[in-house]
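Quick note on labels: first sequence line is chain A, next is B, and so on, each numbered from 1.
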Amino acid sequence: MDSLEVHVDEQAWVRLAEQALPPAERERVMDHVVRCAECAAVWRAVDELQRRAPEIDPRLRRPSRRRILVWLPAFAAAAAVAFVVTSPRRSGPPPSSDPRRVGASSARPETLFPAAGTTLGTPDQLRFAPLAGARSHRVQVLSSDGKLLWDSSPVAGNLVAWPGSVRLVPGRYCWQVVALPEWGQSPADEVVSMPACFSVKGP
Amino acid sequence: MPLEDARRPLGATQPPTEARFESLIRDYGRLIASVVARVGGPAVSEVREDVEQEVRLSLWRQLQAEQTIHHPSSYVYATAVRETVRWVKRELARRVAAVPEELAATEGDPWRALAAREDQQTFEACLNRLTEDRQRALRAHLAGFDVQETMRMYDWSYQKARNLIARGMADLRGELRNRGLGG
């Protein structure tokens, strides 16, 4: 699909929706879709039809996903917190933390203390449940508007002292844990915990 | 095919199969109309009956040609995808045709067009220097797809899609800075 003039044909759309396209072919189709406004609109429609079709016929397969994150739809906005730091298109309120994290996939590290939604004085440490088998973990502290305030070096164990470089004033802060899983080959494979946002009270 | 339907072939329809088939057409007609409405606006949802009719007609044509349909629900599903593609394309064409002339005329400035083309070329050159997956993630991002859409497009995990976009953006900024553009 090198040329924008050659749109994805109907047969290819059907095969895509049936998850019958070989991976290389699928990639070619997608490489065209991200460059072509018309096919992008068609993809969105086909994607939605594919996702909703199992409501009509439960035997239809849902779109495949290599690692399904059960909490993802509800927490996508919150999980995008690190993304806010780098993307010019994202702005607005900070990520919302959510106590429903108990339902989160275990295939990710978890923030423990300070817990989401709590109010406290200056926390002396940040404690987390590591991702089993991870090669390394890092801890990130973010401001309430999603700015990265601190990114630790690899942490040994499951806690890290509150960074002296981050001067706390009363307000809202978020933090998260970034793990490089055992299978990870590059930073692109890193797994990030749900961010936990807490408030620091005044004196 | 995404499913196996062990029911009777549709050519020799029995009442239960017919009822099931009718219900599939109706449900898919509704689904197509709602999906297309997201592209074409609420007006499209008012033509649900037309959509259903198109699906029915399309299946009828195929039935005429093939006599027997072995997996009715797969068949209806594939037809629904085809009809969705056709409806969206038709809707997009209708929208393009509806662009007012004065709006289209502003695209006629050759200097602006030249500058835009040069910017586009520089931008493309910067994008092309990124790794393949970062390019993909970034093109999807710049085309307005969100992280979840991008992960479905390329069958990536959420983290992978998000990280590829974030790192791609950082790379792209660096490339643009190297060429004296952006900040």
Test side-chain contact (heavy atoms from CB on, under 4.5 Å) on B:Y154 and A:V34; report intermediate values, then the result.
CA-CA 11 Å; B:Y154 288 106; A:V34 297; 4.0 Å; yes
Could you report the tightest heavy-atom contact between A:L49 and B:I32, atom names first, then the distance?
CD1-CG1, 3.8 Å
Strictly distance-based, threshold 3.5 Å: is any side-chain N or O of B:Y77 a donor or acceptor partner for the main-chain N or O of A:A17?
yes
Correct closest heavy-atom pair for B:K89 and A:V8 would be NZ-O, 3.7 Å
Can you tell me how far apart CD (A:E10) and OG1 (B:T84) are? Round to the nearest 0.5 Å.
10.0 Å
Atom CG of B:D155 and atom CD of A:Q19: how far apart are they, to the nearest 0.5 Å?
8.5 Å
Pair B:E149, A:R44 - check side-chain contact (heavy atoms from CB on, under 4.5 Å), show working.
CA-CA 8 Å; B:E149 286 174 324; A:R44 280 203 166 99; 2.9 Å; yes
Would you say B:R90 has more than 12 foreign heavy atoms packed within less than 6.0 Å of its CZ?
yes
So which heavy atom on A:A45 is nearest to which on B:V88, and how close?
CB-CG2, 3.5 Å
Is the number of heavy atoms from other residues, nucleotides or ligands under 6.0 Å of B:E132 CD greater than 12?
no
Just to verify, what does A:E48 make a salt bridge (Lys or Arg N to Asp or Glu O under 4.0 Å) with, not counting sequence neighbours?
A:R52, B:R38
Can you find a pair of side-chain heavy atoms, one from B:R139 and one from A:R35, that are under 4.5 Å apart?
yes
Looking only at heavy atoms, what is the nearest atom pair of A:R26 and B:R152, with distance?
NH2-O, 2.5 Å
